[in-house]
Each structure stands twice: as structure tokens, then as C-alpha cells.
Amino acid sequence: MGKDTIADIITSIRNADMNRRRTVQLPSTNITENIVKILLREGFLENVRKHRERDNFFLVLTLRYRRNRKGSYKTSLNLKRISTPGLRIYSNYQQIPRILGGMGIVILSTSRGIMTDREARLERIGGEVLCYIW
């Protein structure tokens, strides 16, 4: 894992989704837990559980798949990192982008914690645009 924990989270989930793995194991941090709670609440994940190995805590995510008529699995997760450590992207609540006309979500880091674009618009606060998920 590198210095950019959010990019590491997104990359791990995207790689597991492309390889059709059902579970992903991520190190447990406050940022990771908040982002995973949003993904679970929005229906992108099936299940999350906390796992302990020696003195380290991990989050084990179970990914959700759609089943096709022919029995093949389709990936249902597209993730894109927006704000990076080298280029921070901020937005006020009026200019938060809508992904697929509101079908996707934008995860923001605000002064009141990490939240989705809908929650930020309701509370009328802006923040750093972390990633898009659709």
C-alpha cells in the first residue's frame, strides 16, 4: 500500500471486481471504514466484516454481482479517483457533479465527514471530491 490510501482502496476493489473475486481484504482505517459504509449503504457491496490478524485489523468486503441470463457474471462497479495528493479538487454544494444523471454517486470529504453528493447537497456544504462510483 502506498501513501494514497483512497486510491489503494479503489484499486483493490476494482482489481477484485475485474478478476471476479467475491471478497477483498483492506487494512482498516477511519477513511476506509467511512468509504466502505457509504458503498454498503448505497448497495455496491453485499457485506462487510471486520477481521483481526494478530494486532492488525482488516475489513473483508463481499462484492455484489449481477447475474446474466446465460449465467455469466457482470461487474457492477466502476470507480474513478478524482482528487489526488498532487491535485486536490474542491467543489461547493451547487457545483458537485451528477454522475449518470444521479444514478452514480460522488464521495466527498467535507467538514462534517465523508459523505455522498446527495447528503452534501441536502446539508448545503461542499468539500473535496474524492471519487466517482457508478
Side-chain angles (χ1 to χ4, degrees):
M1 294 281 183
K3 299 276 184 193
D4 190 6
T5 57
I6 299 168
D8 293 338
I9 295 166
I10 290 172
T11 303
S12 298
I13 294 172
R14 187 185 308 122
N15 287 344
D17 193 38
M18 287 189 324
N19 291 328
R20 293 188 176 107
R21 289 179 41 210
R22 290 280 295 172
T23 61
V24 182
Q25 186 173 347
L26 299 172
S28 179
T29 63
N30 288 336
I31 294 172
T32 307
E33 287 182 16
N34 290 331
I35 290 175
V36 165
K37 282 179 191 174
I38 290 173
L39 291 174
L40 184 64
R41 189 176 60 226
E42 295 291 326
F44 291 106
L45 297 176
E46 223 174 89
N47 190 14
V48 177
R49 63 184 164 88
K50 207 166 193 176
H51 178 68
R52 182 177 182 182
E53 258 181 45
R54 297 181 190 159
D55 292 335
N56 299 328
F57 286 97
F58 294 97
L59 293 174
V60 179
L61 316 177
T62 305
L63 301 179
R64 180 172 298 234
Y65 285 102
R66 299 185 300 222
R67 195 156 193 144
N68 213 350
R69 284 186 195 169
K70 297 180 181 178
S72 64
Y73 287 102
K74 283 201 146 200
T75 59
S76 61
L77 209 53
N78 292 313
L79 302 109
K80 184 176 182 186
R81 175 80 159 121
I82 302 302
S83 186
T84 61
L87 180 63
R88 303 287 187 187
I89 307 294
Y90 296 96
S91 177
N92 63 12
Y93 77 95
Q94 296 165 333
Q95 296 175 340
I96 297 172
R98 293 187 189 272
I99 306 303
L100 294 177
M103 300 270 300
I105 63 170
V106 177
I107 296 181
L108 297 156
S109 176
T110 65
S111 59
R112 296 186 191 156
I114 295 177
M115 61 179 62
T116 64
D117 55 340
R118 282 177 238 132
E119 295 168 349
R121 282 191 200 97
L122 284 174
E123 295 190 24
R124 302 182 79 142
I125 56 174
E128 181 183 352
V129 180
L130 297 179
C131 60
Y132 296 158
I133 301 169
W134 69 97

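Note that these values count all heavy atoms, side chains included, but never hydrogens, waters or copies made by symmetry. Residues: numbered from 1 along the sequence shown.
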Can you find a pair of side-chain heavy atoms, one from [X] and one from [Y], that are under 4.5 Å apart?
X      : Y      : result
Val60  : Val48  : no
Thr11  : Ile9   : no
Leu45  : Thr62  : no
Leu39  : Ile13  : yes
Ile133 : Asn78  : no
Arg98  : Arg121 : yes
Arg41  : Thr116 : yes
Tyr132 : Leu79  : no

Open item on the list: Closer than 4.0 angstrom, basic N to acidic O: yes or no for Arg112 and Glu119?
Closed with: no
Task: Lys/Arg-Asp/Glu bridge criterion (N-O < 4.0 Å) met for Arg20, Asp17 - done: no
Task: Pairs touching residues 80-89 that satisfy side-chain hydrogen bond (donor to acceptor under 3.5 Å, both in side chains), sequence neighbours left out - done: Asp4-Arg81, Ser83-Glu128, Arg88-Glu128
- [ ] Taking salt bridge (charged side-chain N to carboxylate O under 4.0 Å, His left out) as the test, write out the residues that go with Arg14, two or more places apart.
- [x] none
TODO: Over all heavy atoms of both residues, which pair between Ala16 and Val24 is shortest? Give the atoms and the distance, please.
DONE: CB-CG2, 3.2 Å
TODO: Apply side chain to side chain contact (heavy atoms under 4.5 Å, CB included) to the pair Val106 and Val129, showing each step before the final yes or no.
DONE: CA-CA 7 Å; Val106 177; Val129 180; 3.6 Å; yes
Rounded at 0.5 Å granularity, tell me how far [atom1] in [X] sits from [atom2] in [Y].
X      : Y      : atom1 : atom2 : value
Ile114 : Cys131 : CD1   : SG    : 9.0 Å
Phe58  : Arg52  : CZ    : CZ    : 11.5 Å
Ile89  : Ile82  : CD1   : CD1   : 8.0 Å
Thr23  : Leu59  : OG1   : CG    : 12.5 Å

- [ ] Apply side chain to side chain contact (heavy atoms under 4.5 Å, CB included) to the pair Ile105 and Asp117, showing each step before the final yes or no.
- [x] CA-CA 6 Å; Ile105 63 170; Asp117 55 340; 4.2 Å; yes
Task: Ile125: hydrophobic cluster co-members (side-chain, 4.5 Å) - done: Met115
Task: ILVMFWY cluster membership beyond Tyr90 - transitive side-chain contacts under 4.5 angstrom - done: none
- [ ] Sequence neighbours left out, what passes side chain to side chain donor-acceptor pair (under 3.5 Å) with Arg124? Give chain and number order.
- [x] Tyr93
Task: Cluster overlap Leu40 with Leu61, hydrophobic side-chain contacts below 4.5 Å - done: yes
- [ ] Answer with yes or no whether the hydrophobic clustering places Leu122 together with Met103; edges join I, L, V, M, F, W, Y residues whose side-chain heavy atoms lie under 4.5 Å apart.
- [x] no
Identify every side-chain donor-acceptor pair in residues 28-35 under 3.5 Å, counting partners at least two apart or on other chains, and give the distances.
unit_1	atom_1	unit_2	atom_2	d
Ser28	OG	Glu33	OE2	2.7
Thr29	OG1	Thr32	N	3.2
Thr29	OG1	Thr32	OG1	2.7
Glu33	OE2	Lys50	NZ	3.0
Asn34	ND2	Asn30	O	3.2

TODO: Check the pair Glu42 / Arg118 against salt bridge (Lys or Arg N to Asp or Glu O under 4.0 Å), numbers first and verdict last.
DONE: CA-CA 11 Å; Glu42 295 291 326; Arg118 282 177 238 132; 3.3 Å; yes
